[in-house]
Amino acid sequence: MKIEIYDQMYNVNGEQDEEYLKELAAYVDGKMRTIAESTHMVDSLKVAVLAALNIADEMFTMRQKQQEIEGPLRKRVEKCVAMVEKALEMSN
């Protein structure tokens, strides 16, 4: 399938859904255009690197937030499981 990012066409072979790949391409294209507009940069390679850094920052931030949520949640689940196991032992 062909996708377009920042006025360049790319052939992509993947097992993902075509609509999903188009959505990814549109996201990257949007990031690149936003960076190009805000920096007035015309070198597409530099724009792509800055977009990649921006997307990596988003990913790292989301990963950190997920870890902040999962840690306490995992502890609560483990505590609930322990309580259920104790209650089951007492009922036998």
Side-chain angles (χ1 to χ4, degrees):
M1 103 172 238
K2 290 187 178 188
I3 57 172
E4 185 175 346
I5 299 173
Y6 205 63
D7 300 326
Q8 295 289 316
M9 295 300 291
Y10 298 92
N11 289 319
V12 179
N13 294 327
E15 296 177 13
Q16 291 93 351
D17 177 39
E18 189 172 315
E19 287 302 313
Y20 177 70
L21 289 173
K22 286 180 181 179
E23 187 177 348
L24 291 177
Y27 185 77
V28 172
D29 183 74
K31 286 289 182 187
M32 288 182 71
R33 291 183 187 286
T34 299
I35 288 169
E37 288 173 15
S38 66
T39 62
H40 306 290
M41 197 174 290
V42 293
D43 184 345
S44 62
L45 179 59
K46 289 181 180 180
V47 171
V49 170
L50 290 176
L53 283 171
N54 189 280
I55 293 168
D57 177 56
E58 289 177 359
M59 184 189 77
F60 275 58
T61 300
M62 293 300 289
R63 187 184 293 165
Q64 179 65 35
K65 287 180 183 178
Q66 181 181 5
Q67 289 172 351
E68 289 171 4
I69 292 170
E70 282 182 0
L73 183 59
R74 181 172 287 125
K75 287 180 184 177
R76 290 178 68 188
V77 168
E78 289 171 356
K79 192 173 187 178
C80 288
V81 168
M83 289 172 61
V84 169
E85 288 175 346
K86 187 174 182 178
L88 289 173
E89 286 175 8
M90 294 176 72
S91 67
N92 288 335

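In what follows, every heavy atom counts, from backbone to side chain, and hydrogens, waters and symmetry copies are set aside.
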Worked verdict on Met9 versus Ile3 for side-chain contact (heavy atoms from CB on, under 4.5 Å): CA-CA 6 Å; Met9 295 300 291; Ile3 57 172; over 6 Å; no

Main-chain N/O of Tyr6 paired with Asp29 side-chain donor or acceptor, under 3.5 Å: yes

Separation of Glu19 CD from Leu24 CG (nearest 0.5 Å): 11.5 Å

Greater than 12 external heavy atoms within 6.0 Å of Glu4's CD: yes

Met83 with Leu88, same ILVMFWY side-chain cluster at under 4.5 Å: no

side-chain contact (heavy atoms from CB on, under 4.5 Å) involving Ala48 - partner list, sequence neighbours excluded: Met32

Separation of Leu53 CG from Phe60 CZ (nearest 0.5 Å): 10.5 Å

Side-chain ion pair, Glu37 and Arg33, N-O less than 4.0 Å: no

For Gln64, all residues meeting side chain to side chain donor-acceptor pair (under 3.5 Å), sequence neighbours excluded: Glu68

Closest approach of Asn13 to Met1 (non-hydrogen atoms, all atoms of both residues): OD1-N, 4.4 Å

Point-to-point distance, once rounded to the nearest 0.5 Å, from CE of Met62 to CD of Gln67: 12.0 Å

Over 12 non-hydrogen atoms of neighbours within 6.0 angstrom of CE in Met59: yes

Pairs involving residues 41-63, ordered by first then second residue, that meet salt bridge (charged side-chain N to carboxylate O under 4.0 Å, His left out) (sequence neighbours left out): Lys31-Glu58

Residue pair Met41 / Leu50: nearest heavy atoms and the distance that separates them: CE-CD1, 3.7 Å

Check against side-chain contact (heavy atoms from CB on, under 4.5 Å), Tyr10 and Gln8: CA-CA 7 Å; Tyr10 298 92; Gln8 295 289 316; 3.6 Å; yes

Heavy atoms from other residues, nucleotides or ligands near CE of Met90 exceed 12 (cutoff 6.0 Å): no

